[in-house]
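Remember, it's 1-based here, ligands and their atoms both numbered in the order they're listed. We use all heavy atoms of the structure for the numbers below, so side chains are in, but hydrogens, waters and symmetry mates are not.
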Amino acid sequence: MTTEYVIDDRENHLFQVNREVFTSPEVYERERRRIFDRTWLYVGHESELPRRNDFRTRDVGGRSVIFNRDRTGRVRVQLNTCLHRGAALCRHTSGNAKIFTCFYHGWAYRNSGELVNVPANEDYAVSPVDVYKALPSPRTDSYRGFWFVNFSDEGPGLAEWLGTSTYLFDLVTDQSEEGIQVLEGSHQYTLEANWKLLVENSVDGYHAKSVHHTYFEMMLELGQTPPMLGDASTNGVPPAGLGTEFGNGNATLMYPGNGLPLANDHVRSSLAAMRERAVERFGESYATAVFNLARNSVYFPSFVMIDLNFGMILRTIHPLGPARTEVSSWHIAPRGLDEESLRYRVDNALTFWGPAGLATPDDVEALEQAQRGFGARREMAWSDISKGMGKKRPAANDELQMRAWWRQWNRSMTGRELPREVEEFVPFDRAGTRDGHQAESVLPRG
Ligand code: FES
């Protein structure tokens, strides 16, 4: 089937994307309305708000929002814009506040959104407190401490939207009985390339050997087997890994874990002890999926979770224009790690990711080069994403996960549905897992 944006030719196993979608201002505006105004978007993790009245501000879906825990302990996502004339209610990136006071004319709001004070209130015929009452609340929901917002009241709820892909959050969160925490600090950087190029790159196993060869060589020198080059299957996942899709554009690639580069004996035994506790709680099959498989996952449209065993990151991708993108990235770690093991994970992750890592700058260079290449889009109109199409079980370095994402993008933009390609693959025996994961937060409230 061909739409104006993609060619999805099942007979010839060919999938192509029109390069106009990476450059066109009209497409960019349409994405704003049809995707970012209507889809579940990741905001933050509840471990970033450990106390009542804690807040973070961040940009989500083209809006500034306040992600906070109010005075009752409830987590909220609120628009960071004053009912009066639009200035930001909160200009700090994080803090603890019961009241947000707009700096422009001083309207003040409770951290649960009610407008409570207007300077010179007596000059109004009817008090703005009675007219406006409170900030409007977008739809918010969470799964195991991961909070999402949807700026539309229409469409499926979060649970339905995520579907079975929630097990990816489980595999991350279940590394420790105490759950996970987002570590303080973040990476933020921009690139001169379309946001969808970084989405593709985040679940692209194909580029790893070429773009990240320096990292691969370092691993080989350290006696480690680089990812996807081993010779043993893990829970049915072959050495080359595999990709799988969950519907709604959510997809992952997974492969047998690639070891613990530079880990000392202490770090290794600490991780082995964590794994042993997971075996006791969930059984061998699930513990193996948690600790011995690596995953790069994308949640449509722009949230990425990467768990490479030795380090984990969350990444959000914000379009700033057709050819400009801002990236935010946070390191996460199991709670309860001793200091040495935590330091190992942070150091190791920084060796790979981040502005000075062995991976991120090379990725940015590749994406910016591709964006420049789209200058010739009239002569070369289509990009190819066909690798592994037609395989019953595409490998991690095939491109199923990207096609799954693109089909959802196409559906959001055109309303035309393109059927999924493969049945979901679950890399563990569900019998051993805990029921009702989403019922309880792992953090004490308040
Ligand atoms: Fe906020 Fe005027 S814009 S008080």
Side-chain angles (χ1 to χ4, degrees), residues 25 28-29 31-46 48-142 147-154 184 186 188 190 302 316-321 324-328 330 446:
Y28 175 76
E29 285 306 319
E31 286 172 337
R32 283 260 170 245
R33 293 193 311 277
R34 298 202 172 200
I35 296 177
F36 290 93
D37 287 357
R38 308 180 178 176
T39 311
W40 286 101
L41 305 170
Y42 176 74
V43 181
H45 188 265
E46 67 180 15
E48 297 174 271
L49 308 170
R51 298 170 302 157
R52 287 171 199 241
N53 306 314
D54 279 350
F55 69 83
R56 308 264 173 182
T57 52
R58 30 195 70 148
D59 292 333
V60 179
R63 295 129 170 112
S64 173
V65 301
I66 303 173
F67 174 51
N68 73 321
R69 198 181 282 277
D70 70 19
R71 64 187 69 204
T72 69
R74 179 178 158 186
V75 174
R76 295 176 178 271
V77 180
Q78 306 185 75
L79 295 166
N80 187 19
T81 178
C82 183
L83 286 163
H84 184 215
R85 290 222 284 280
L89 301 181
C90 180
R91 295 184 296 155
H92 304 281
T93 53
S94 64
N96 186 278
K98 289 182 181 165
I99 296 283
F100 297 116
T101 303
C102 178
F103 86 109
Y104 196 1
H105 307 91
W107 287 24
Y109 303 74
R110 265 194 208 112
N111 64 6
S112 43
E114 298 87 5
L115 177 63
V116 288
N117 190 52
V118 172
N121 191 44
E122 64 278 7
D123 292 338
Y124 288 90
V126 184
S127 168
V129 173
D130 296 326
V131 174
Y132 298 111
K133 294 188 171 57
L135 299 168
S137 294
R139 219 164 22 137
T140 56
D141 203 352
S142 68
W147 282 84
F148 291 78
V149 67
N150 191 324
F151 296 109
S152 168
D153 290 333
E154 290 169 14
E184 196 57 46
S186 63
Q188 288 189 299
T190 54
S302 56
T316 54
I317 301 168
H318 311 279
L320 298 178
R324 188 163 170 79
T325 300
E326 184 180 61
V327 186
S328 301
W330 298 267

Discussion item. Below 2.8 Å, which protein N, O or S atoms neighbour atom 2 (Fe) of ligand 1, ignoring water?
Written reply: H84 ND1, H105 ND1
Taking [Y]'s backbone N and O only, do any of them form a donor-acceptor pair with [X]'s side chain (distance below 3.5 Å, no angle check)?
{"X": "R56", "Y": "G44", "result": "no"}
{"X": "S302", "Y": "T316", "result": "no"}
{"X": "Y124", "Y": "V129", "result": "no"}

Worksheet item: Using a distance-only test with no angle check, is there a side-chain donor-acceptor pair under 3.5 angstrom linking S328 and Q188?
Response: yes
Practice prompt. State which residue, out of D70, T72, N96, fulfils the side-chain contact (heavy atoms from CB on, under 4.5 Å) condition with N111.
Written response: D70
Discussion item. If I take atom CZ from residue R63 and atom CZ from residue F151, how far apart are they, to the nearest 0.5 angstrom?
Written reply: 4.5 Å
